[in-house]
Amino acid sequence: MLVYRGRVPAASAPPPSAGRRADLTHLTRLFRALTDETRLQLIDLLRGGERCVCELQDALDAGQSRLSFHLKVIKDAGLVTHRKEGRWS
């Protein structure tokens with residue numbers, strides 16, 4: 001089982017030494033993650049603490065593959081983290 005939790009990044013962009021291109025790439029991922037209603041609902045659900053994927057599926061009435069796609073987008077943007085727990089770890 002994967003357990004996700006919301007996370008507020010320490011900084012909104014990579015360190016200055018990473019360069020302007022990396023900054024723009026990070027911002028592109030961040031804005032992409034925030035432009036979808038399903039992803040905003042996921043972020044809102046995770047503000048209350050950790051949730052397993054099955055709880056998120058029930059709350060959004062969404063299929064596993066659709067939810068997995070959206071979770072990857074918000075994880076790649078640095079808005080959530082995950083950890084494996086239980087028999088699937």
Side-chain angles (χ1 to χ4, degrees):
M1 162 179 31
L2 288 177
V3 178
Y4 284 82
R5 89 176 135 255
R7 169 172 112 48
V8 176
S12 62
S17 62
R20 182 171 166 73
R21 180 85 174 140
D23 290 346
L24 292 175
T25 300
H26 173 76
L27 288 173
T28 300
R29 285 188 184 135
L30 183 61
F31 284 116
R32 178 178 181 222
L34 298 173
T35 59
D36 182 86
E37 186 176 345
T38 299
R39 292 191 285 266
L40 291 174
Q41 289 174 336
L42 282 168
I43 292 167
D44 187 50
L45 287 168
L46 293 169
R47 287 182 348 154
E50 290 186 348
R51 300 263 182 126
C52 72
V53 173
C54 61
E55 292 173 332
L56 296 171
Q57 280 182 272
D58 290 343
L60 296 176
D61 193 27
Q64 186 273 329
S65 62
R66 177 176 165 242
L67 196 60
S68 179
F69 168 77
H70 288 297
L71 286 167
K72 182 180 182 333
V73 171
I74 61 176
K75 188 177 91 165
D76 288 349
L79 297 172
V80 299
T81 60
H82 80 278
R83 64 184 174 85
K84 293 181 179 183
E85 180 181 286
R87 68 180 184 169
W88 301 110
S89 57

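In this chain, numbering begins with 1 at the start of the sequence shown.
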Hey, could you give me the CD/SG distance between Gln57 and Cys54, rounded to the nearest 0.5 Å? 7.0 Å
Contact between Arg51 and Leu45 at the side-chain level, heavy atoms closer than 4.5 Å - yes or no? yes
Asp44: what forms a salt bridge (Lys or Arg N to Asp or Glu O under 4.0 Å) with it, not counting sequence neighbours? Arg47
With a 3.5 Å distance limit and no angle check, can you tell me whether Ser68 reaches the backbone of Gln64 through a side-chain donor-acceptor pair? no
With the 4.5 Å side-chain cut-off for hydrophobic clustering, are Leu46 and Leu79 part of the same group? yes
Applying side-chain contact (heavy atoms from CB on, under 4.5 Å) between Leu42 and each of Leu60, Asp36, Val80, report the one that passes. Leu60
Heavy-atom closest pair (Arg29 atom, Ala77 atom, distance to 0.1 Å) is O-CB, 3.5 Å
Considering only NZ, NE, NH1 and NH2 on the basic side and carboxylate oxygens on the acidic side, decide whether Glu37 and Arg39 come within less than 4.0 Å. no
Would you give the length of the straight line joining atom CG of Leu56 to atom CG of Leu71, rounded to the nearest 0.5 angstrom? 6.0 Å
Glu85 and Arg83 have their tightest heavy-atom pair at OE1-NH1, 2.6 Å
Test side-chain contact (heavy atoms from CB on, under 4.5 Å) applied to Ile74 and Ile43, Leu30, Leu40, the passing residue: Ile43
Hits for salt bridge (Lys or Arg N to Asp or Glu O under 4.0 Å) against Asp76, two or more places apart or cross-chain, chain-then-number order -> Lys72
